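A short worksheet on the structure shown next.
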Protein chains: 2
Amino acid sequence: MTIRDVAQAAGVHVSTVSRAFSASHLVKRETRERVLAIAADLGYRPNETARALTTGRTRNLGLIVSDIANPFYPPLIKAAQAYARVRGYQVFVADTDEDVAVEEELIRTLARQVDGVILVSPRLANDVIGRLGGELPFVLVNRSVAGLSAVLMDVAHGAALAVEHLAGLGHEHLALVGGPRGSWTSAQMRRAAGRAAADQGVRLDVLAPNPPTEHGGIVAAPAVLETGATGVIAYNDLVAIGLIEGFDDRGVRIPRDLSVIGVDDTVAGRLNRPRLTTVAMPTAAAGRTAVDLLIQTVETSGGGPATAQTVLATSLVVRDSTATPAHPAG
Amino acid sequence: MTIRDVAQAAGVHVSTVSRAFSASHLVKRETRERVLAIAADLGYRPNETARALTTGRTRNLGLIVSDIANPFYPPLIKAAQAYARVRGYQVFVADTDEDVAVEEELIRTLARQVDGVILVSPRLANDVIGRLGGELPFVLVNRSVAGLSAVLMDVAHGAALAVEHLAGLGHEHLALVGGPRGSWTSAQMRRAAGRAAADQGVRLDVLAPNPPTEHGGIVAAPAVLETGATGVIAYNDLVAIGLIEGFDDRGVRIPRDLSVIGVDDTVAGRLNRPRLTTVAMPTAAAGRTAVDLLIQTVETSGGGPATAQTVLATSLVVRDSTATPAHPAG
DNA sequence: TTGAAAGCGCTAACAT
DNA sequence: ATGTTAGCGCTTTCAA
């Protein structure tokens, strides 16, 4: 079922059918309606692949994340994909498994088959991202690179809130369990938490890098204990949950002996016992916003690469993993 | 950077370049190596869109699930996508939001841009799936339709294990909280649980349909209580977690007052307190197997639609949400 | 407002 | 073993 069949059935030229679908104002109203009706009858749908070849636009988007199974991502993927569909785009989802080489290769592979790519929490170096960004429209999420559009979540503010919460509870010695090398979020947290700790007059020890996983948290637990901190801020909920497990193995109870704060506000943190105090990240909104920004970039080919940065607010969700320190540290 | 540039640079015809990439045995070894080297130098990559137009093969796969945010899916999506990439395929991921109309529309939209589609836990009627399956290669997961390839998880066995576990603990009155209308898994569970209950000589009440979500569980809790059952098997972990919340709101404690079993073995169930006893589903294996089956179907254009059904084993993971009944029911 | 024709980048007969 | 040529299904000038 091609455009030719429809043209023949409607008694018009293929170019008229083409216009009926893609430039409806260029064809007489009744012709268009007749063509469309016949097309619907025949079950004709324009072949997107052929369209892509002539127009250079695929109406496909790429969404590259580091780990689909990390509960931080599913809500973002879901929202991005749903919103893209509403806008007439399909999305390729790909997972780098936290591997920088895979990340770059994925981008190159996808490059030709998509109109643009959303990179969530990329681990690639700034210059590499910048260079690739010159070849293909990008929207970054959780990463800021000069000249590229980005959707940022205000994790700096979130980290500050976390420090203030802990300090307000009476904790005088905190530890920050950072994320993987190359993580912009981790760097932001570190800076903001450091500043907030200074403001509050509390001590802050930083432990990094760590894998952004539950296992990463379990492994980091002993080192955290060694610092003597009574309040801990983890890179994300998964790490926080891992830390709590690690502490538990050593007889350290949360929040009795230690307070722990996660980041992301995933289901995992909500289900965990004790329920996790965490910095809420607006992941679904980030997914939608990223798609919106990307489509805008792609469809505004005329105006040059209009880059935009959107910052989404974060907040602190206080639950059961934080409390007043039992043995005020010195 | 097109095939023509490479041809020119290498001093050969475009068809030779084409063959160097896609039918290497048809070109002299040294020519091929020279062409490939020059192509690499120039950063040339075959345009998949153009390829698709001539060959009719896109090297893209569609993966349609009902809810990306349901923790059952991410491991499956991750595995499917990773394995597809190894085999040289990219995957579109789409979410139906449990809406049958969206499901069908998604399939039609994707049809032209992919070589085949993996439908996970589809809610569409058998005849609709059968008809669509005639237009496009399908692999079903968690659903069996005559004439179509499928990857099944032996949830019937899992449900039987759950019933036996509960009966073995001394529960004499069970309830099964089923899933949504159209769910093959739910039907399988119902049948198998019914049979197992009869075998064990215990009573089984069935409550269905229910949304496959935490909220669905919360809402179903009172009805479960009314049955007087002391052991409950839920459609999935999410529903089980919701039930436990609902029970908790009514002062019913798990596993003291009631035993609850989930299905899927998601992180959610593992993190929940009490940690959930659950039927483990091999989701990652299912994702890989589905991709393997689909690619096999697609690449064996000659042999006709060789349909295959693979059944993956399930097992019972006993954790803390099940125990001996406190007040043996009559 | 519509038709004609060229061409997007590539593959696949068909020649040589 | 390599070159020639005709499309794949569509869009988009250019004419009429």
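None of the values given here were measured: they were computed from a predicted structure. Letters go in sequence order (proteins before strands), and every chain restarts at 1.
Rounded to whole Å, the distance from CZ on B/Arg4 to C1' on C/dC8 is 9 Å. Note: CZ (A/Arg45) to P (D/dG9) measures 17 Å, nearest angstrom. As a whole-Å value, the separation of A/Glu48 CD from D/dC8 P is 19 Å. Rounded to an integer number of Å, the gap from B/Arg57 CZ to C/dC10 P is 18 Å. The CG-P distance, from B/Asp5 to C/dG9, rounds to 9 Å in whole Å. One atom, CG of A/Asn47, and another, P of D/dC8, lie 12 Å apart when rounded to the nearest Å. Put simply, CD on A/Gln113 is 13 Å from P on C/dC10, counting in whole angstrom units. Going from atom CZ of A/Arg34 over to atom C1' of C/dT1 covers 13 Å, rounded to whole Å.
Checking C/dG3, C/dT1, C/dG9 against every side-chain atom of A/Ser15, the shortest atom distance belongs to C/dG3. With D/dC8, D/dT11, C/dA4 as the candidates, the nucleotide lying closest to the side chain of A/Ile3 is D/dT11. Checked against D/dG3, C/dT2, C/dG9, the side chain of B/Arg19 finds its nearest nucleotide in D/dG3. Listed nucleotides: C/dG9, C/dG3, C/dT11. Nearest to the side chain of B/Leu53: C/dG9. With C/dT11, C/dA4, D/dG3 as the candidates, the nucleotide lying closest to the side chain of B/His13 is D/dG3.
Using a 4.0 Å cut-off between charged nitrogen and carboxylate oxygen, A/Glu105 and A/Arg108 do not count as a salt-bridge pair. Between B/Glu30 and B/Arg34 there is no salt bridge, since none of the side-chain N atoms of the basic residue sits less than 4.0 Å from a carboxylate O of the acidic one.
Considering all non-hydrogen atoms of both residues, B/Gln113 and A/Glu48 come closest at NE2-CG, 3.9 Å.
In this structure, B/Phe21 reaches neither bases nor backbone, as no heavy-atom distance under 4.0 Å exists between it and the strands shown. Here B/Thr31 lies in heavy-atom contact (under 4.0 Å) with sugar-phosphate atoms only. Nucleic acid contact class of B/Ser22 (heavy atoms, under 4.0 Å, all strands): sugar-phosphate only.
If you find the closest nucleotide of DNA chain D to A/Val17 and to B/Arg32, the one lying nearer the 5' end belongs to B/Arg32.
At the phosphate of C/dC10, neither OP1 nor OP2 sits under 4.0 Å from any side-chain N or O atom of B/Arg51. Under 4.0 angstrom from either OP1 or OP2 of D/dT11 there lies at least one side-chain N or O belonging to A/Ser18. In this model, the phosphate group of C/dG3 is approached by a side-chain N or O of A/Thr16 to a distance below 4.0 Å at OP1 or OP2.
At a threshold of 4.5 Å between non-hydrogen side-chain atoms, the residues B/Asp97 and A/Lys78 count as touching.
No side-chain donor-acceptor contact under 3.5 Å links A/Thr289 and A/Tyr83.
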